[in-house]
Protein chains: 2
Amino acid sequence: MSSEPAPPGFELPLRLLLAFRTIIDELHERIAREGHPDLRPMHGFVFQAIGPHGTTAVELGRRLGVSKQAAGKTVENLEQLGYVERGSDPADARRKVVRLTARGVDCLVRSARIFDELRAEWSATLGEERLREVETALRLLAPGDPFRLDTPRWFGSP
Amino acid sequence: MSSEPAPPGFELPLRLLLAFRTIIDELHERIAREGHPDLRPMHGFVFQAIGPHGTTAVELGRRLGVSKQAAGKTVENLEQLGYVERGSDPADARRKVVRLTARGVDCLVRSARIFDELRAEWSATLGEERLREVETALRLLAPGDPFRLDTPRWFGSP
DNA sequence: ACGGATAGACAACCTCATTGACCATATAGA
DNA sequence: TCTATATGGTCAATGAGGTTGTCTATCCGT
């Protein structure tokens, strides 16, 4: 039993969100310095949703939880920024496959490295033991696929 | 030293976000059943930003990280939903004070209770000891005011 | 070969934010 | 006190990003 009173229940969710923002903001600060200044938090999710083999606008929309048209517009933006390209699928003339460009892949590689660096820094602050306990606890409390890409819309007002 | 390899660095932030969403979704499911079906995740933040003594649209906009016009529109919506009301300030004829209605306060009280209930459930799943360790770790890693109200805009694409 | 299902593009619209302009009021300073 | 400036609120125009509806082209099972 702990002698201290429990903190109010609203603190934990706010801390979870703040910790997420802290990591993501730090990631984007660093990746901006490495040549990707115009990336937004959302884009990392989109890149992950596209994946190494490419995908289509419809499938992307499903993964992102938005309409295929919205996904198509997102792809257009990322195409203009030079992160993705569209090609045709020889096996299915309807599909137009969205793939990451070299620049897009570079971004993914750097993101993965920076995420690992940030985790290492947290591990140094907290101790690897305690960090793993946090990760284990979160896996237990919030199981399932962590890639919920519809967050922006989810959060907004009616 | 842990013999298991460390998980990839991107898992932790995604779990943090997923855990946040899990709590907030559960909160809104329950508070909808208690007579507040049209609340959105954002609104809790707005209520907190308004506070017990009321505030103005300009100040609200500052706290939310949006323009005063956007804050004014949000207030209009919440006024139509019956959660806030606007009155004039006898000490300053320019100011129009936004205050929570009885319904708004009811919502805040219920939210606080449900958050405590959810925390108690997590404590039962995880053990109070381990839950406190998570909270402590998050306070250490993401210190500062957890009320960052500009999250929706922050997350969006350019 | 045909009919339903699927991928994509185009158009109209909606919501919510933005900026700019404007008026009313408060406040500090000559 | 009078005036200049800052502040609070509203209105108007705009833009980003999402939605639905509709249309065409293509695939696939019967």
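Lettering follows sequence order; numbering is per chain, from 1. When reading the values below, keep in mind they use all heavy atoms of this one structure, side chains included, and skip hydrogens, waters and symmetry mates.
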A.B. asks: What is the distance, to the nearest angstrom, from the CZ atom on A:Arg40 to the C1' atom on D:dG18?
C.D. replies: 16 Å

A.B. asks: Rounded to the Å, how far apart are A:Lys68 NZ and D:dT22 C1'?
C.D. replies: 10 Å

A.B. asks: Grab the CG-P distance between A:Leu64 and D:dT19 for me, whole Å please.
C.D. replies: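 Between P of D:dT19 and CG of A:Leu64: 10 Å.
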
A.B. asks: C:dT15 P sits how many Å from B:Asp38 CG, rounded?
C.D. replies: 15 Å

A.B. asks: Could you list the donor-acceptor pairs under 3.5 angstrom formed between side-chain atoms of residues 95-104 of chain A and any protein atom two or more places apart in sequence or on another chain?
C.D. replies:
from: A:Arg95; atom 1: NE; to: A:Asp89; atom 2: OD2; distance (Å): 2.9
from: A:Thr101; atom 1: OG1; to: A:Gly82; atom 2: O; distance (Å): 2.7
from: A:Thr101; atom 1: OG1; to: A:Tyr83; atom 2: O; distance (Å): 3.1
from: A:Thr101; atom 1: OG1; to: A:Arg103; atom 2: N; distance (Å): 3.4
from: A:Thr101; atom 1: OG1; to: A:Gly104; atom 2: N; distance (Å): 3.2
from: A:Arg103; atom 1: NH2; to: A:Gly35; atom 2: O; distance (Å): 3.2
from: A:Arg103; atom 1: NH2; to: A:Tyr83; atom 2: OH; distance (Å): 3.2

A.B. asks: According to ring pair (Phe, Tyr, Trp, His ring centres under 6.0 Å), who are the partners of A:Phe115, at least two apart in sequence or on a separate chain?
C.D. replies: none

A.B. asks: Of the nucleotides C:dA9, C:dA7, C:dT18, which one has an atom closest to the side chain of A:Gln69?
C.D. replies: C:dA9

A.B. asks: Output the distance between atom CG (A:Leu138) and atom CD (A:Glu135), rounded to the nearest 0.5 Å.
C.D. replies: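 These two atoms lie 8.0 Å from each other.
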
A.B. asks: Verify the contact: side-chain N or O of B:Ser67 to OP1 or OP2 of C:dT18, cut-off strictly under 4.0 Å; return yes or no.
C.D. replies: yes

A.B. asks: Is any side-chain nitrogen or oxygen of B:Arg86 closer than 4.0 Å to OP1 or OP2 of D:dG8?
C.D. replies: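 For D:dG8, neither OP1 nor OP2 has a side-chain N or O of B:Arg86 closer than 4.0 Å.
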
A.B. asks: Hey, does B:Thr56 reach any base, or is it just sugar-phosphate, or nothing, if we go heavy atoms under 4.0 Å?
C.D. replies: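 Here B:Thr56 touches the backbone only, sparing every base.
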
A.B. asks: Could you tell me whether A:Lys73 contacts a base, only the sugar-phosphate backbone, or nothing, with contacts defined as non-hydrogen atoms closer than 4.0 Å?
C.D. replies: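 Base contact.
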
A.B. asks: Hey, what do you get for CZ (B:Arg21) to CG (B:Leu16), rounding to the nearest 0.5 Å?
C.D. replies: 14.5 Å

A.B. asks: Separation of B:Glu59 atom CD from D:dG9 atom P, in whole Å?
C.D. replies: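 To the nearest whole Å, that distance equals 10 Å.
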
A.B. asks: For a quick test of reading the model: is some side-chain N or O of B:Arg95 closer than 4.0 Å to OP1 or OP2 of D:dT10?
C.D. replies: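 Indeed not, no polar side-chain atom of B:Arg95 lies that close.
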
A.B. asks: Take the protein atom CG of A:Leu78 and the nucleotide atom C1' of D:dA16, then report the distance between them rounded to whole Å.
C.D. replies: 14 Å

A.B. asks: Counting side-chain heavy atoms from CB outward, which of D:dT20, D:dG8, C:dA17 is closest to B:Thr74?
C.D. replies: C:dA17

A.B. asks: For A:Asn77 and D:dG15, what is the distance between atoms CG and P respectively, to the nearest whole Å?
C.D. replies: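 A:Asn77 atom CG is separated from D:dG15 atom P by 15 Å.
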
A.B. asks: Measure from the side chain of B:Arg94, starting at C-beta and using heavy atoms only, and say which of D:dG8, C:dT18, D:dT19 lies closest.
C.D. replies: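 The answer is D:dG8, which lies nearest to the side chain.
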
A.B. asks: More 5' along DNA chain D: A:Ala71 or B:Thr55, using each one's nearest nucleotide?
C.D. replies: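 It is B:Thr55 whose nearest nucleotide is closer to the 5' end.
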
A.B. asks: Establish, with yes or no, whether the OP1 or OP2 oxygen of D:dG9 is under 4.0 angstrom from a side-chain nitrogen or oxygen of B:Ser88.
C.D. replies: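 False: B:Ser88 side-chain N/O out of range (4.0 Å or more) of D:dG9 OP1/OP2.
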
A.B. asks: Counting only N and O atoms by type, is there a donor-acceptor contact under 3.5 Å from the side chain of B:His28 to the main-chain atoms of B:Asp25?
C.D. replies: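 Side chain of B:His28 to backbone of B:Asp25, a donor-acceptor pair under 3.5 Å: no, none is there.
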
A.B. asks: Could you state the CG-P distance from A:Leu60 to C:dA7, rounded to the nearest angstrom?
C.D. replies: 13 Å

